Each structure stands twice: as C-alpha cells, then as structure tokens.
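Since we're looking at a predicted model, the values are computed, not measured. Values below: every heavy atom of this structure, side chains too, minus hydrogens, waters and symmetry copies.
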Amino acid sequence: MTANTIILILELIGTVAFALSGAFVAMERQLDYFGIVVLAVTTAVGGGILRDLILGNTPPAAFRSPIYVVVAFFTAAVILVMMHRLGNFVTNGKVMAYLKYLNLCDAVGLGIFTVVGMNTAIVTGYGENMFLAVFVGVITGVGGGMVRDILAGRTPLILRREIYALAAIAGGIVYYALQLFIPQIAGMLLATAFITLIRMACLYWQVNLPIADFEEKDN
C-alpha cells in the first residue's frame with residue numbers, strides 16, 4: 001500500500017468522523033434534514049477548503065475531487081436513516097451516550113485533519129517553514145468545526161475553555177519533529193493518535209483553560 005493511499009484512507013476516515021460530528025450537532029440544534037446534510041458536509045470539508053485557499057491550491061480539493069463531499073453526504077444519509085428508525089436519538093434519550101461519540105468523532109477528525117493539513121503544506125514546498133506548516137494544520141483541523149458552530153448558532157469550540165486548538169498545535173509540533181526523523185506515515189499516525197488522546201484525556205479529566213471572569217469580587 002502506497003503512502004498516498006494511506007493518506008487518502010486517513011482523509012476519508014477524518015471526513016466520516018467530522019461529518020458525524022456535524023450531523024450530531026445539527027440534530028442537537030433540531031435542524032431539518034437539509035440542515036443536517038449541510039452541517040455534515042461543511043464540517044467535513046470546511047477545514048480543507050480553508051487550507052487550500054491559504055496555500056493557493058485553487059480550486060480547493062473538495063471541488064476538484066468530489067469524493068470528500070460524497071462521503072460526507074452518505075454519512076449524513078446514514079444518520080437520516082437512523083432518525084427514521086429511532087427519531088432524533090440525540091434529543092429523545094434513545095441514545096444516551098451520543099455525546100461521547102460526538103466527542104470521539106470530533107477528536108479523531110481533529111487529529112487526522114491537522115496532520116493531513118500539515119503534510120499538504122510540507123509537500124507543497126513549505127516544509128522549512130514550521131510556523132506556516134503548523135498553522136495550516138491547525139486551520140485544517142479546526143476550520144470545519146468553526147464553520148459548523150457558526151452555522152449552528154453557537155460559540156465555536158476553539159473559543160471556549162476546552163482544550164481543542166491547543167491539542168492540534170501540540171500535535172502539529174510533534175508531527176513536524178517526527179517527520180524529520182521517521183517515515184512520513186508513521187509520523188502521521190503517531191501525531192494523529194497524540195492529538196486524539198490529548199483531546200479525549202482533557203475531556204475525561206475535565207482539564208480546561210481558565211476563562212476571563214470580570215465579575216467584581218468581594219473584598
């Protein structure tokens with residue numbers, strides 16, 4: 001199996017993970033069927049579109065190769081079929097543990113798209129610019145979720161107290177270091193696992209950033 005094939009498989013796994021994340025958020029916000037599809041697709045391809053625009057790869061890959069949109073669409077279609085069988089299982093209590101699946105999907109997608117975005121920047125010719133490579137990777141990882149949250153009418157996840165973008169930044173730095181010493185695919189897999197584990201561990205142990213509290217305190 002070639003490196004390009006493995007990268008494509010990673011991208012498709014990330015696409016499914018983020019599409020599920022978008023669909024779950026749409027169901028939580030009680031959007032209609034069209035809204036579920038829109039959030040699933042935009043969450044899956046939004047980060048990649050921002051990445052390609054930054055790197056000057058136009059038209060973005062999502063428009064040149066429809067496979068990503070098609071995979072996201074069929075993922076949303078599976079969710080719609082499940083809704084016909086279970087109703088809105090996110091809000092009606094039939095699947096009580098949906099939140100942990102949403103978080104896991106989001107964490108996996110974050111890890112995969114961060115390293116794939118960085119790899120795109122590196123192979124495009126920006127491998128010597130660590131700042132650009134990590135920045136592009138983080139934008140690829142969090143961009144789809146930002147679009148999802150804005151469309152869903154909620155504060156983007158990266159602006160709240162949870163460890164999200166910081167996990168992508170840390171994983172991006174780790175990947176940049178790894179790809180200098182070990183094979184590309186091994187570095188991508190290790191960095192993806194690193195980001196996913198950081199994200200899930202912070203959720204499990206409720207490790208959060210402090211928030212700005214401007215309320216007057218009693219003397």
Side-chain angles (χ1 to χ4, degrees), residues 3 6-22 24-25 43-52 54-55 61 68 71-72 75 99-124 126-127 129-149 156-209:
I6 295 175
I7 291 172
L8 176 61
I9 292 172
L10 286 175
E11 287 183 314
L12 294 179
I13 293 172
T15 299
V16 171
F18 265 174
L20 287 172
S21 170
F24 284 156
V25 170
T43 305
V45 304
I49 291 174
L50 293 174
R51 171 201 67 206
D52 290 340
I54 292 172
L55 295 176
Y68 306 104
V71 169
T75 302
L99 184 58
K100 70 178 181 182
Y101 297 118
L102 168 60
N103 288 331
L104 179 60
C105 290
D106 206 54
V108 171
L110 177 67
I112 289 175
F113 278 116
T114 297
V115 298
V116 167
M118 282 192 63
N119 187 66
T120 301
I122 291 170
V123 299
T124 302
Y126 299 102
N129 190 332
M130 177 180 174
F131 174 76
L132 176 61
V134 174
F135 178 81
V136 168
V138 173
I139 286 296
T140 308
V142 306
M146 288 180 62
V147 175
R148 173 199 67 202
D149 291 340
L157 193 60
I158 66 168
L159 302 181
R160 287 181 270 165
R161 61 189 300 183
E162 295 182 5
I163 306 296
Y164 193 76
L166 286 180
I169 293 172
I173 294 172
V174 167
Y175 175 58
Y176 190 86
L178 289 175
Q179 56 92 30
L180 297 175
F181 302 103
I182 65 176
Q184 173 193 37
I185 297 302
M188 293 181 72
L189 293 175
L190 287 173
T192 296
F194 181 76
I195 295 171
T196 303
L197 287 174
I198 288 180
R199 173 69 181 144
M200 295 306 295
C202 289
L203 287 172
Y204 182 80
W205 281 293
Q206 297 183 345
V207 178
N208 299 308
L209 293 173

Side-chain heavy atoms of [X] within contact of [Y], under 4.5 Å:
| X | Y | answer |
| --- | --- | --- |
| I6 | M188 | no |
| T140 | V116 | no |
| L159 | M146 | no |
| L10 | L189 | yes |
| F18 | I112 | no |

How long is the gap from [atom1] on [X] to [atom2] on [Y], to the nearest 0.5 Å?
| X | Y | atom1 | atom2 | value |
| --- | --- | --- | --- | --- |
| M130 | I122 | CE | CD1 | 10.5 Å |
| L12 | I7 | CG | CD1 | 12.0 Å |
| M118 | R51 | CE | CZ | 13.0 Å |
| T120 | Y126 | OG1 | OH | 12.5 Å |
| I49 | I54 | CD1 | CD1 | 12.5 Å |
| L50 | I139 | CG | CD1 | 6.5 Å |

Please step through side chain to side chain contact (heavy atoms under 4.5 Å, CB included) for the pair R160 and N208, ending with a clear verdict.
CA-CA 9 Å; R160 287 181 270 165; N208 299 308; over 6 Å; no

Where [X] and [Y] come nearest, the two heavy atoms and their spacing:
| X | Y | answer |
| --- | --- | --- |
| A191 | G171 | CB-O, 3.9 Å |
| I195 | A167 | CG1-O, 3.6 Å |
| L20 | C105 | CD1-SG, 3.7 Å |
| T15 | A44 | O-CB, 3.6 Å |
| G145 | T43 | N-CG2, 4.4 Å |
| D149 | P156 | OD2-CA, 3.3 Å |

Provide the full list of side-chain hydrogen bond (donor to acceptor under 3.5 Å, both in side chains) pairs with a residue in residues 167-186, sequence neighbours left out, each pair given once.
N119-Y175, N119-Q184

How would you list all residue pairs meeting side-chain hydrogen bond (donor to acceptor under 3.5 Å, both in side chains) that involve residues 192-204, not counting sequence neighbours?
E162-R199

Any salt bridge (charged side-chain N to carboxylate O under 4.0 Å, His left out) involving residues 130-147? Give me the pairs, sequence neighbours left out, ordered by first then second residue.
none

Sidechain-backbone polar pair: D106 side chain, S21 backbone, donor-acceptor under 3.5 Å:
no

Step by step, would you call I158 with L166 a side chain to side chain contact (heavy atoms under 4.5 Å, CB included)?
CA-CA 9 Å; I158 66 168; L166 286 180; over 6 Å; no

Partner of F194 under side chain to side chain contact (heavy atoms under 4.5 Å, CB included), chosen from I198, L197, L190:
I198

